[in-house]
Amino acid sequence: MTTSIPSATAATSTAAATAVPEDGENGRSDEPGETGETGEISKTSGAAETAGAAAPARRTGRRRRGGLSPGKRLPASRLIGPVLFFALWAGASAAGQLDTNAIPAPWTVLRTAGQLWSDGTLSTDILTSLRRAGSGFALGLTAGVVLALTAGLSRVGEALIDGTVQLNRAIPTLGLIPLFILWLGIGETFKIAIIAIVVYIPIYLNLYSALSGIDHRFVELAEVQGLSKLRFIREIVIPGALPGFFVGLRLGVTGSWLGLVVLEQINATSGLGYMMFQAQNYGQTDVILVGLLIYGIFGLVSDSAVRLIERRVLSWRRTLNS
């Protein structure tokens with residue numbers, strides 16, 4: 001009896017010592033009340049701690065993302081800058097800080113604009129300038145879109161068109177005026193042609209860049225879906241290139257006004273540029289400022305119109321500005 005008890009104890013100790021390394025090697029315990037339950041409790045508590053730590057992180061991330069955005073759009077935000085400029089101009093004029101011969105007061109410029117309008121000269125010049133700018137812009141827009149689509153959707157078109165357009169871009173457009181006068185005369189044709197060149201270059205560059213930047217995975221997806229060439233252009237190419245097109249359109253609208261103000265001072269008999277050129281000869285600074293303000297208003301209104309169309313057409317986008 002006395003010798004059997006130590007033998008049983010030794011056997012039990014040996015079995016336990018043998019069983020512990022096996023459980024350690026397997027990384028788990030089959031006993032329901034011992035290591036298995038402890039492991040499950042540890043996993044549950046660890047998951048709870050992870051979830052508890054992730055919740056503040058998500059809240060912090062939401063606050064951080066919201067803080068990086070520009071914020072809500074201010075009403076009539078694009079008019080704040082011009083209104084502030086005119087307020088400073090009026091304040092400096094009223095305080096006598098500006099030379100009235102060099103920079104007349106705003107109310108003097110407005111009075112001069114009213115006199116020119118009542119005489120009928122300002123309205124005639126505005127209509128003439130709008131007709132020239134509109135004709136040149138329409139021609140340049142058509143040429144830019146057609147050339148960009150041809151070069152962006154065809155390797156042959158790219159080889160024939162892109163290099164020529166890049167060469168034309170490197171040549172100053174206003175430097176072509178003497179050559180165009182020899183070719184087309186001093187009438188309206190050469191003015192419209194120069195405006196069209198000024199307009200089509202930014203439209204072509206931005207639209208062509210947008211077409212070239214479409215992800216090739218969309219092409220592979222369209223091939224897998226079995227889309228035709230026409231459906232591929234309508235459903236993938238055009239929506240993907242519209243953002244770049246609108247950037248070029250805004251630059252083209254601005255370019256039409258910049259080209260017009262120069263062209264109307266060369267062999268012209270009407271238009272806002274001609275009115276400003278004549279005012280320069282007689283030292284009428286207020287008339288020159290009237291023309292500049294009208295050009296600025298036209299540029300701001302046309303750019304705002306393009307932005308409005310862009311927001312309507314690309315309403316599906318979620319951008320930083322929206």
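Applying the salt bridge (Lys or Arg N to Asp or Glu O under 4.0 Å) rule to pairs touching residues 243-265 yields Arg132-Glu264, Arg250-Asp303, sequence neighbours excluded. Listed by first then second residue, pairs satisfying side chain to side chain donor-acceptor pair (under 3.5 Å) with a partner in residues 142-155 read Arg155-Glu158, not counting sequence neighbours. Listed by first then second residue, pairs satisfying ring-ring contact (aromatic ring centres under 6.0 Å, His included) with a partner in residues 199-222 read Tyr204-Tyr208, not counting sequence neighbours.
For the side-chain hydrogen bond (donor to acceptor under 3.5 Å, both in side chains) test, residues two or more places apart in sequence or in another chain that qualify with Asp215 are Arg217. Phe137 meets the ring-ring contact (aromatic ring centres under 6.0 Å, His included) test with no other residue; sequence neighbours excluded. Applying the ring-ring contact (aromatic ring centres under 6.0 Å, His included) test to Phe298 and every residue at least two apart in sequence or in another chain returns Trp257. For Asp286, the side-chain hydrogen bond (donor to acceptor under 3.5 Å, both in side chains) test picks out Thr112, with sequence neighbours left out. Checked against side-chain hydrogen bond (donor to acceptor under 3.5 Å, both in side chains), Tyr274 has no partners two or more places apart in sequence or in another chain. Phe86 pairs by the ring-ring contact (aromatic ring centres under 6.0 Å, His included) definition with Trp89, not counting sequence neighbours. Qualifying side-chain hydrogen bond (donor to acceptor under 3.5 Å, both in side chains) partners for Arg169, counting only residues two or more places apart in sequence or in other chains: Gln166. Residues that satisfy the ring-ring contact (aromatic ring centres under 6.0 Å, His included) test with Phe180, not counting sequence neighbours, are Trp183. Scored by the salt bridge (charged side-chain N to carboxylate O under 4.0 Å, His left out) test, Arg111 finds no partners at all (sequence neighbours excluded).
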List the steps and the verdict of side chain to side chain contact (heavy atoms under 4.5 Å, CB included) for Val301 and Ile297.
CA-CA 6 Å; Val301 170; Ile297 292 172; 4.1 Å; yes
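A 4.5 Å side-chain heavy-atom check between Leu227 and Ile236 finds at least one atom pair inside the cut-off. In this structure the side chain of Asp99 never reaches within 4.5 angstrom of the side chain of Ile103, judged on heavy atoms. Put simply, the side chain of Met275 does not reach to within 4.5 Å of the side chain of Ile288, judged on heavy atoms. Contact check for Ile214 versus Val237: side-chain heavy atoms found under the 4.5 Å cut-off. Residues Ile266 and Ile181 are in side-chain contact: their nearest non-hydrogen atoms beyond the backbone lie under 4.5 Å apart. Leu242 has its side chain within reach of Val313: a pair of non-hydrogen atoms, C-beta onward, lies under 4.5 Å apart. Looking only at side-chain heavy atoms (C-beta outward), Ser270 and Thr124 stay at 4.5 Å or farther from each other.
In this structure, the side chain of Thr108 does not engage the main chain of Pro104 through any donor-acceptor pair within 3.5 Å. Of the possible donor and acceptor atoms, none in the side chain of Ser209 sits under 3.5 Å from a partner among the backbone N and O of Leu205. A side-chain donor-acceptor contact under 3.5 Å links Thr121 to the backbone of Leu116. A side-chain donor-acceptor contact under 3.5 Å links Thr285 to the backbone of Asn101. In terms of modelled atom types and a separation under 3.5 Å, the side chain of Lys191 and the main chain of Gly136 share no donor-acceptor contact. With hydrogens and angles ignored, the 3.5 Å screen pairs a side-chain donor or acceptor of Ser129 with a backbone N or O of Leu272. Proximity of a side-chain donor or acceptor of Asp125 to a complementary backbone N or O of Gly271 within less than 3.5 Å is detected.
Taking a 6.0 Å sphere around CH2 of Trp107, one finds it holds more than 12 heavy atoms contributed by other residues, nucleotides or ligands. Taking a 6.0 Å sphere around CZ of Phe277, one finds it holds 12 or fewer heavy atoms contributed by other residues, nucleotides or ligands.
Screening Thr254, Val253, Leu251 for a side chain to side chain contact (heavy atoms under 4.5 Å, CB included) with Val306, the sole residue that qualifies is Val253.
When all heavy atoms of Ile233 and Pro239 are compared, the closest pair comes out as O-CD, 4.4 Å.
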